[in-house]
**Q** 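Please see the structure below; I have some questions.
Hydrogens, waters and symmetry mates are skipped; everything else that's a heavy atom, side chains included, is used.
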Amino acid sequence: MLAVQAPPGAVPAVEAALAAARLTAEGGPYVRILREEAREDARRVPAGAPLASFSIAVKEMIAVAGHPIGAGSAVHAGRRPEPADAVVVALLRRAGAVIVGIVTMHELAFGVTGLNTHDGTPDNPRAPGCVPGGSSSGSAVAVADGSARVALGTDTGGSCRIPAALCGVVGFKPGGRGYPLRGVLPLAPTLDRVGLLGRTVADVAAVHRVLGGDARPAGERPVLGVCEAELEAASPPVAAAVERSLRVLAEAGAELRPVKLPAADEVLDVSTAIMFAEAAATHRAVLESRPELLGADVRARLEHGEAVPAVRYLLAQRRRNGLRREVLRALRDVDAVVGPTVPVEPPALDRAADRATSAALVANTRLANVVAAAALSIPIDAPRPVGLHVTASHDAAALACAAWIEQALSYTSMTVHSPVPDLSSNRLTHHSQ
């Protein structure tokens with residue numbers, strides 16, 4: 001029997017993270033690496049602390065005491081250092097986690113490609129020459145390049161799950177009200193959530209528990225809903241990778257059932273009205289007095305938000321309740337719904353400015369924010385990064401299903417040759433090992 005090695009303590013874990021950490025000027029994710037602070041903090045971590053071996057990267061819109069919030073924008077140049085940690089940062093420190101640095105992001109968290117001309121755009125470690133995804137670009141890259149075990153991000157319409165999918169890591173957005181937002185710069189307050197990115201579902205679940213969330217061990221043989229419309233809309237490489245994963249999950253014992261989710265066009269219309277209007281209200285002062293400081297893409301989105309009529313915003317909030325009822329009906333007979341996180345492979349950097357690129361990246365992620373569902377992206381086997389999206393009504397169900405799926409995909413060959421179960425019928429075969 002192989003001996004199980006105990007996880008490293010804080011000092012070696014932090015040193016390993018710092019050795020891998022690079023600034024954005026070097027193609028890395030960090031706008032600020034806290035080398036001396038991290039080393040000093042690591043020496044003080046008790047060996048038995050819950051997160052004693054966790055190195056943490058923090059998105060540049062979440063307060064870290066002694067450092068300014070830059071939010072990836074010239075708008076915040078010269079901002080004073082924060083007097084205190086955000087609540088989520090303070091909770092992680094209390095549990096023994098060590099902050100190794102502050103990472104870049106799409107400006108003001110209002111974009112999904114991760115490109116940033118102010119701070120710099122980090123290289124995608126898993127897909128060179130491609131966008132890292134956003135807005136939590138640096139958070140995903142820090143986990144992917146080994147400079148952080150877990151990273152804090154924010155997710156307003158997919159901003160943790162999209163970069164997770166494009167960089168080949170796990171990304172999690174909690175359901176309900178999520179984690180405390182005190183000390184986090186807002187974008188669209190009714191949609192904003194702090195999210196987590198990590199190497200494994202287990203790492204994400206460990207941090208989730210420290211932040212007060214509910215998590216339980218992986219269950220047995222979940223019932224998973226599959227939305228055929230999402231598979232049909234995906235590019236052939238992404239659809240093929242997801243279908244291979246579905247074969248593996250069915251062979252491992254999952255029961256797959258067809259489900260219907262709200263139409264993507266309606267979700268996009270509702271989420272855009274809410275997100276853009278609230279973002280314009282949040283940043284109204286900048287739009288009125290210093291619009292020249294904004295990047296062209298973000299400025300255009302904020303101006304779009306200013307033009308959203310109040311009646312459209314209010315109707316979108318009303319339609320939001322109807323969408324939530326639809327999703328709850330879809331989840332009533334399944335443990336979670338699975339499908340592609342992003343329907344395309346990581347886009348090349350020279351396609352990042354295309355409006356179609358952004359629309360494709362958010363096609364499957366915005367729904368979870370609109371209806372306050374819990375959602376994760378799990379990397380699956382493919383030549384280029386592809387994420388499997390897991391959506392559930394609450395955090396514990398999402399994390400338990402994701403853990404089971406991760407184990408099944410890790411220990412079962414991806415070359416299973418049995419056919420994909422027929423999702424056109426409600427009478428699906430229950431496969432077992």
**Q** Under 3.5 Å, is there a donor-acceptor pair between the side chain of Asp381 and the main chain of Ala241?
**A**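 Side chain of Asp381 to backbone of Ala241: no pair is present.
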
**Q** To the nearest 0.5 Å, what is the distance between CG (Leu294) and NE2 (His283)?
**A**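 Spacing of CG (Leu294) from NE2 (His283) equals 8.5 Å.
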
**Q** Is the backbone N or O of Lys173 less than 3.5 Å from a side-chain atom of Arg193, with the two atoms forming a donor-acceptor pair by type?
**A**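 Side chain of Arg193 to backbone of Lys173: no pair is present.
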
**Q** To the nearest 0.5 Å, what is the distance between CG (Leu34) and CG (Leu18)?
**A**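 Nearest 0.5 Å value for the CG-CG distance: 9.0 Å.
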
**Q** Give the minimum heavy-atom separation between Gly158 and Pro163, together with the two atoms involved.
**A**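 Answer, listing the atom of Gly158 first, then Pro163: O-CD, 3.8 Å.
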
**Q** Taking the side chain from Glu406 and the backbone from Val201, do they hold a donor-acceptor pair closer than 3.5 Å?
**A**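 Indeed, once roles are kept as given, a pair shorter than 3.5 Å links the two residues.
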
**Q** Among all residues two or more places apart in sequence or in another chain, which pass the ring pair (Phe, Tyr, Trp, His ring centres under 6.0 Å) test with His208?
**A**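 His208: ring pair (Phe, Tyr, Trp, His ring centres under 6.0 Å) contacts with Phe172, Tyr179.
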
**Q** Considering non-hydrogen atoms only, spot the tightest contact between Gly72 and Asn116 and give its length.
**A**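 Minimum heavy-atom separation between Gly72 and Asn116: O-ND2, 3.0 Å.
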
**Q** When you look at Arg290 and Glu292, which way does the salt bridge (charged side-chain N to carboxylate O under 4.0 Å, His left out) test go after all the steps?
**A** CA-CA 5 Å; Arg290 297 181 295 164; Glu292 71 281 358; over 6 Å; no

**Q** Considering non-hydrogen atoms only, spot the tightest contact between Ala254 and Leu224 and give its length.
**A**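 In this case the closest contact between Ala254 and Leu224 is CB-CD1, 4.0 Å.
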
**Q** So that I can tick it off, tell me whether Arg247 and Glu243 are bridged by a salt bridge, with the cut-off set at under 4.0 angstrom between side-chain N and carboxylate O.
**A**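 No, this pair does not count.
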
**Q** Going by side-chain contact (heavy atoms from CB on, under 4.5 Å), Val362 matches just one of Leu367, Leu268, Thr272. Which one?
**A**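 Only one of Leu367, Leu268, Thr272 forms a side-chain contact (heavy atoms from CB on, under 4.5 Å) with Val362, namely Leu268.
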
**Q** Does either side chain, that of Asp119 or that of Thr24, offer a donor lying less than 3.5 Å from an acceptor on the other one?
**A**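 Absent: no donor and acceptor within the cut-off.
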
**Q** Less than 4.5 Å apart, side chain to side chain, heavy atoms only: is that true for Leu246 and Val226?
**A**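 Heavy-atom side-chain distance check passes, below 4.5 Å.
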
**Q** Counting only heavy atoms from other residues, nucleotides and ligands, does the tally under 6.0 Å from CZ of Arg284 exceed 12?
**A**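 Atom CZ in Arg284 is not crowded, with 12 or fewer foreign heavy atoms closer than 6.0 Å.
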
**Q** Salt bridge or not between Arg301 and Glu303? Use side-chain N to carboxylate O under 4.0 Å.
**A**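 No, this pair does not count.
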
**Q** Would you find more than 12 non-hydrogen atoms of other residues, nucleotides or ligands less than 6.0 Å from Arg177 atom CZ?
**A**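 At most 12 heavy atoms, drawn from other residues, nucleotides or ligands, come within 6.0 Å of this atom.
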
**Q** Take Val170 and Leu376, measure what side-chain contact (heavy atoms from CB on, under 4.5 Å) needs, and give me the verdict at the end.
**A** CA-CA 7 Å; Val170 175; Leu376 295 91; 4.3 Å; yes

**Q** Test Thr365 against Thr341 for side-chain contact (heavy atoms from CB on, under 4.5 Å), laying out the working first.
**A** CA-CA 7 Å; Thr365 58; Thr341 306; 4.1 Å; yes

**Q** Would you indicate whether the side-chain heavy atoms of Val169 and Pro379 approach each other to under 4.5 Å?
**A**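 No, too far: nothing below the 4.5 Å cut-off.
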
**Q** Using the side-chain contact (heavy atoms from CB on, under 4.5 Å) rule, take Val204 and Leu399 through it: C-alpha gap first, then chi angles, then the decisive distance, then the call.
**A** CA-CA 9 Å; Val204 167; Leu399 288 164; 4.3 Å; yes

**Q** Could you tell me which non-hydrogen atom of His389 sits nearest to which non-hydrogen atom of Ala375, and how far apart they are?
**A**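 In this case the closest contact between His389 and Ala375 is NE2-CB, 3.7 Å.
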
**Q** Atom OG1 in Thr200, atom CD1 in Ile378: separation rounded to 0.5 Å?
**A**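 Output value for this atom pair is 10.5 Å.
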
**Q** Can you confirm whether the side chains of Glu278 and Thr190 place a donor and an acceptor under 3.5 Å from each other?
**A**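 The criterion, which ignores hydrogens and geometry beyond distance, is satisfied for Thr190 and Glu278.
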
**Q** For Thr104 and Pro29, indicate whether the former's side chain and the latter's backbone hold a donor-acceptor pair under 3.5 Å.
**A**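 Checking the backbone N and O of Pro29 against the side chain of Thr104, no donor-acceptor pair under 3.5 Å is found.
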
**Q** So, Thr156 versus Arg366: side-chain donor-acceptor pair below 3.5 Å or not?
**A**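 Absent: no donor and acceptor within the cut-off.
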
**Q** Quick check: closest heavy atoms across Ser289 and Pro291, and the distance to 0.1 Å?
**A**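 The pair with the smallest heavy-atom distance is C-CD, 3.5 Å.
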
**Q** Should Leu211 and Val194 be marked as a side-chain contact (heavy atoms from CB on, under 4.5 Å) after you check the CA-CA gap, both sets of side-chain angles, and the distance that decides it?
**A** CA-CA 11 Å; Leu211 295 178; Val194 171; 5.5 Å; no

**Q** To check you understand the geometry: which heavy-atom pair defines the closest contact between Val103 and Ala57, and what is its length?
**A**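 That closest heavy-atom pairing would be CG1-CB, 3.9 Å.
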
**Q** With distance as the sole test, does Asp335 use its side chain to make a donor-acceptor pair with the main-chain N or O of Pro222 at under 3.5 Å?
**A**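 Flag not set: sc Asp335 to bb Pro222 has no pair under 3.5 Å.
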
**Q** Determine yes or no for a side-chain-to-main-chain donor-acceptor pair under 3.5 angstrom, with Arg126 supplying the side chain and Ala144 the backbone.
**A**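 Yes, because the side chain of Arg126 sits within donor-acceptor range (under 3.5 Å) of the backbone of Ala144.
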
**Q** Can you confirm whether Ile405 sits close enough to Leu388 that some side-chain heavy atom of one is under 4.5 Å from a side-chain heavy atom of the other?
**A**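 Touching, per the 4.5 Å side-chain cut-off.
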
**Q** Give a yes or no on this: more than 12 heavy atoms of other residues, nucleotides or ligands lie within 6.0 Å of atom CD of Glu288.
**A**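 Above 12, so yes.
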
**Q** Got a second to check how far Leu185's CG is from Leu108's CG, nearest 0.5 Å?
**A**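 Rounded to the nearest 0.5 Å, the CG-CG separation comes to 7.5 Å.
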
**Q** Taking atom types as modelled and ignoring hydrogens, do the side chains of Asn369 and Arg161 form a donor-acceptor contact shorter than 3.5 angstrom?
**A**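 There is such a pair (donor and acceptor under 3.5 Å, judged by atom type) between the side chains of Asn369 and Arg161.
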
**Q** With rounding to the nearest 0.5 Å, note down the distance linking CZ in Arg93 to CZ in Arg44.
**A**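 Output value for this atom pair is 9.0 Å.
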
**Q** One thing to verify: whether Arg32 and Glu60 come together as a salt bridge, which I'm taking to mean a side-chain N less than 4.0 angstrom from a carboxylate O.
**A**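 Judged by the 4.0 Å cut-off on N to carboxylate O distance, Glu60 and Arg32 do not form a salt bridge.
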
**Q** Please check if the side chain of Asp145 supplies one atom and the backbone of Pro125 the other of a donor-acceptor pair under 3.5 Å.
**A**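 Absent.
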
**Q** Classify the side-chain pair Glu37/His67 by whether it contains a donor and acceptor separated by less than 3.5 Å.
**A**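 Their side chains do contain a donor-acceptor pair, which is all the 3.5 Å distance test asks for.
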
**Q** Side-chain contact test, heavy atoms from C-beta onward, threshold under 4.5 Å: evaluate it for Met275 versus Phe110 and give yes or no.
**A**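 Result yes, sub-4.5 Å side-chain heavy-atom pair found.
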
**Q** Within a strict 4.5 Å, meaning less than it, do heavy atoms of the Pro132 and Leu166 side chains meet?
**A**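 A side-chain contact under 4.5 Å is absent here.
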
**Q** Side-chain contact, heavy-atom cut-off 4.5 Å: Val143 with Cys167?
**A**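 No, their side chains stay 4.5 Å or more apart.
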
**Q** Stepwise, does the side-chain hydrogen bond (donor to acceptor under 3.5 Å, both in side chains) test hold for Ser136 with Lys59?
**A** CA-CA 7 Å; Ser136 303; Lys59 188 176 182 177; 2.9 Å; yes

**Q** Tell me, please, which residues at least two apart from Ser55 pass side-chain contact (heavy atoms from CB on, under 4.5 Å).
**A**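 Result, side-chain contact (heavy atoms from CB on, under 4.5 Å) vs Ser55: Ala17, Val100, Arg149.
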
**Q** Determine whether a donor-acceptor pair (N or O, by modelled atom type, separation under 3.5 Å) exists between the side chain of Tyr30 and the backbone of Ala142.
**A**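 Not confirmed, Tyr30 side chain does not pair with Ala142 backbone.
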
**Q** Would you give the length of the straight line joining atom CG of Asp203 to atom CG of Leu196, rounded to the nearest 0.5 angstrom?
**A**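 Those atoms lie 10.5 Å apart.
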
**Q** Within the distance-only criterion (no hydrogens, no angle test), does the side chain of Asp85 pair as donor or acceptor with the backbone N or O of Val64 below 3.5 angstrom?
**A**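 It does not hold such a pair.
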
**Q** Any sub-3.5 Å donor-acceptor pair from His106's side-chain atoms to Gly114's backbone N or O?
**A**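 Side chain of His106 to backbone of Gly114: a pair is present.
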
**Q** Would the number of heavy atoms belonging to other residues, nucleotides or ligands and lying under 6.0 Å from CZ of Arg35 be above 12?
**A**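 Atom CZ in Arg35 is crowded, with more than 12 foreign heavy atoms closer than 6.0 Å.
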
**Q** When you compare the side chain of Val342 with that of Asn364, does any pair of heavy atoms fall below 4.5 Å?
**A**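 Of all side-chain heavy-atom pairs linking Val342 with Asn364, none is under 4.5 Å.
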
**Q** Kindly indicate whether the side chain of Leu152, heavy atoms from C-beta on, has any atom under 4.5 Å from the side chain of Ser139.
**A**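 A side-chain contact under 4.5 Å is absent here.
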
